[in-house]
Each structure stands twice: as C-alpha cells, then as structure tokens.
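Reading through the structure tokens given below for one structure.
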Amino acid sequence: MSTTAAVAPIAFTRGVPPIEAIPFRELAVHTQAALLEQPAAMFQYAPIARHRGDAVLRALIGQAHDADADAVFVTNGSLQALDLLAALALRVGNPEVWVEAPTYDRALSIFRRHGGWVSGVALETDGIDVEALRSRLGHGVPAFLYTIPDFQNPGGVTMSEEKRRALAELAVHYGFRIVEDTPYRELRLRGASPPTLRELAGPEHVITIGSFSKVLSPGLRVGYVVADAQTSLDLASLAEDTYLSPAPLAQAIAARSLASGLVAENVARIRALLGPRHDHAVGAVREGLGDVLLAVPDGGYFLSIRLAVAAGEEALLRAALDAGVALTKGSAFFACAQPDDEVVVRLPFQALSPQDFADGVRRLGLAIESLPRS
Ligand SMILES: Cc1ncc(COP(=O)(O)O)c(C=O)c1O
C-alpha cells in the first residue's frame with residue numbers, strides 16, 4: 001500500500017486550458033448577441049450543398065492566413081479536421097502516414113482508424129529530423145506528413161525556420177502533402193514565430209489545421225482547415241454525408257470573438273498567465289531532475305522529458321502514482337515501439353500553479369529514486 005494514498009495525486013496528464021484562460025463573461029455576451037440578432041440562422045439547419053461553415057468566420061480565418069475564404073473549412077474542433085482529412089487522403093492508394101516521433105496520441109489513433117500505416121520520423125530539439133526524412137523520401141512518399149510545428153504536443157519543440165524551409169523544399173521536390181496542426185502557435189511567450197509551412201510551400205503542398213480551443217474555449221468545439229478551394233469542397237462533401245454542418249451558434253460565437261478583438265485580448269491574457277508557469281516549470285525540472293528536457297518551449301502547454309529507466313515505463317507509472325503524481329503513458333505518443341528503458345514523460349504546465357508543478361516534479365523524482373537501477 002502506498003504511504004501517500006491519502007494525498008490527491010498531482011495530474012501531469014491532460015492538456016486542458018486552465019479555467020482562468022476562458023473568457024466566460026465575454027463569451028456569454030457574444031452568445032446572447034448571436035441568439036438575439038441571428039435567431040433564424042442559429043436555430044435552423046445551415047445551408048447544404050457542400051457548406052463549408054459560417055461565411056463570416058471563414059472570411060476572418062482566411063484573412064488571418066492570407067487565404068481566400070473558399071479555401072477555409074470549419075470543423076467541430078480540430079480533431080474532426082484530422083479525421084476528415086485522413087478519410088479523404090487515405091481512401092485511395094497510398095496508406096503511408098508519416099508523423100513526428102513522438103506526436104499527439106489522438107492523431108495516431110485517428111490515422112490508424114482510417115487504415116493509415118503510421119510511422120515516425122525522429123523529433124529533434126529543433127523539429128523533425130529532416131535528414132532522416134530526406135533519406136526515407138528516396139524510397140517513396142507518404143500520403144501526407146503530419147507535423148505540429150509550434151510548441152509540439154508532447155515534445156514542446158518548435159521547428160526552426162531552417163528546418164521549415166528544408167521541409168517545404170522536400171514537399172515541393174518530392175510532391176507530398178504536409179498537414180501542419182497549429183493549436184498552440186499563438187501561445188508564444190517570447191521571440192518571433194517562424195513562418196508557417198503553408199507560407200513557405202504554398203497551399204498545393206500544405207494543409208493548415210487551426211483551433212479556437214486554446215485561444216478561446218475548447219467547449220465551443222470550433223476548429224478549421226485552411227487548404228485550397230477543392231480540398232475544402234471535398235471536406236464539405238464528406239461532412240455533409242456525416243453530420244451536415246457544425247453547430248451554427250458555436251461558429252457565430254467564434255466569429256464575433258475574432259471580429260471584436262476578444263481572441264487577441266484573450267491570447268494576451270493567456271500569455272501573461274502562462275509565462276510565469278512556464279518559467280517556473282522549466283526551473284523546477286532542471287533543479288529536480290537535471291538535464292532531461294527535450295526542449296525549452298517558450299510557449300504552448302507542454303514540457304517533455306526523456307528519462308533512462310531500467311525498470312521500464314509501467315514500473316515508472318506505478319511508482320509515480322504511489323508517490324502521488326499521475327502521468328500519461330509516453331509510449332502512446334510514438335507510432336512504433338520504443339526501447340523500454342527510455343521513457344518520455346509529458347509534463348503539461350499550463351494548468352498547474354508553480355507550487356503544484358514543483359511538488360509534482362519532486363514526487364516524480366522520489367518515484368524515479370524508488371526504482372531499481374538495473
Ligand atoms: C496537436 C493537437 N491537435 C489537436 C488537438 C485537439 O484540439 P481541438 O480541441 O481543436 O479538437 C489538440 C488538443 O490537445 C492537440 O494538442
């Protein structure tokens with residue numbers, strides 16, 4: 001029996017926004033305005049015939065991405081964008097999907113559900129291993145390559161501009177598509193953002209996925225795809241055969257929040273909230289566990305650490321829980337099996353106070369010490 005069983009575990013588990021990051025009151029005002037001013041649109045079916053989403057919202061998203069509104073398709077959260085894109089890309093021909101290793105675990109399960117043969121390319125401290133990618137491309141191309149270029153989940157890594165340029169060139173040269181998933185891009189704490197892959201390789205080669213979950217509210221379930229007009233129509237056909245359209249109300253709230261400047265204000269608030277949490281978290285890991293960080297993110301939600309654990313991942317997860325800290329299984333972020341004595345642990349810092357984060361790291365340190373060393 002654990003001696004710390006009475007202590008509530010500190011959760012290093014989900015990447016959920018802190019509740020203080022959601023602007024409830026302002027969202028309620030926009031909700032009421034949408035209901036009162038556009039009741040027919042809010043309570044009626046959206047138009048059909050390959051409907052791509054709320055027209056105002058698509059125009060605003062298009063402006064932000066230097067794209068035509070016709071290229072924008074709105075989804076129920078960005079996860080649905082991944083699902084529909086995978087369905088589209090994998091229904092004929094090439095089943096190969098390449099991802100960063102590690103990558104977002106739900107993306108892996110979505111791609112597999114659509115029959116994707118998913119394999120990983122190593123993630124380095126400055127993004128995907130471009131040289132490993134280049135040598136694989138000598139043998140064939142994937143249906144698409146999935147990347148999270150900014151404040152990666154789980155690694156916290158941001159792809160350098162140099163690597164983005166190299167990756168863009170490879171996509172153009174070998175003729176494959178990149179899907180860049182960007183939910184954390186706006187949550188940069190310092191420094192300037194490198195260009196997006198879409199900016200570097202263009203819409204023929206890059207599909208961008210975005211989300212309002214981390215900048216406004218995940219409960220709205222509003223995400224989007226910025227691609228080209230044909231892809232957007234193809235996605236709309238698939239959607240129409242499945243669920244007709246996303247809920248008009250959630251899209252209208254997102255549109256009003258963008259147009260009124262609420263999203264920009266909220267992003268500034270989130271940065272102010274997360275900055276100290278990030279810095280304390282980095283300090284706590286370095287002090288408590290040493291030089292184990294995959295990267296210092298300077299943004300987003302996640303730190304990740306790599307640990308040599310001879311006893312293996314299952315033993316570490318059990319020992320951690322006994323010590324009062326709940327971890328996500330790091331191996332779930334990899335497309336292929338990893339050596340069992342090397343464990344990746346994701347440490348979301350966005351929703352924990354500096355004190356709780358430091359306490360969690362201390363408990364994790366105790367768990368590591370409690371394990372046999374060989
Ligand atoms: C990389 C990545 N993509 C997509 C999502 C899902 O976001 P949404 O709430 O827009 O479906 C997440 C959520 O954690 C994520 O980390």
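In each ligand, atom 1 is the first atom listed, and ligand 1 is the first ligand listed. By convention here, the first residue in the shown sequence is residue 1.
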Closest approach of any protein heavy atom to [atom], naming residue and atom:
atom	result
atom 9 (O) of ligand 1	S213 OG, 2.6 Å
atom 4 (C) of ligand 1	S78 OG, 3.3 Å
atom 11 (O) of ligand 1	R221 NH2, 2.8 Å
atom 1 (C) of ligand 1	D181 OD2, 3.4 Å

Please could you name the atoms of ligand 1 that [X] approaches to less than 4.0 Å, counting only its heavy atoms?
X	value
S211	8 (P), 10 (O)
L79	6 (C), 11 (O)
G77	10 (O), 11 (O)

Have a look at R256 and tell me which of H30, E37, E26 forms a side chain to side chain donor-acceptor pair (under 3.5 Å) with it.
E37
Heavy-atom gap Q152 to ligand 1 smaller than 4.0 Å:
no
Does the residue P218 have a heavy-atom contact with ligand 1, meaning some pair of atoms that are separated by less than 4.0 Å?
no
Below 4.0 angstrom, N of the basic side chain to O of the carboxylate: do [X] and [Y] qualify?
X	Y	result
E124	R306	no
R52	D70	yes
E131	R134	yes
D83	R113	yes

Is it true that atom NE2 of H280 has more than 12 heavy atoms of other residues, nucleotides or ligands lying nearer than 6.0 Å?
no
For ligand 1, the portion of [X] having any non-hydrogen atom under 4.0 Å away:
X	value
K214	side chain
Q80	neither
N153	side chain

R58 side chain vs A69 backbone, donor-acceptor pair below 3.5 Å
yes
Side chain of R271, backbone of R188: donor and acceptor closer than 3.5 Å?
yes
Begin with the C-alpha distance, continue with both residues' side-chain angles, and end with the deciding distance and a verdict on salt bridge (Lys or Arg N to Asp or Glu O under 4.0 Å) for R177 and D228.
CA-CA 12 Å; R177 255 184 157 176; D228 56 88; 2.6 Å; yes
Candidate with minimal heavy-atom separation from atom 16 (O) of ligand 1, of F302, Y184, Y301, Y146
Y184
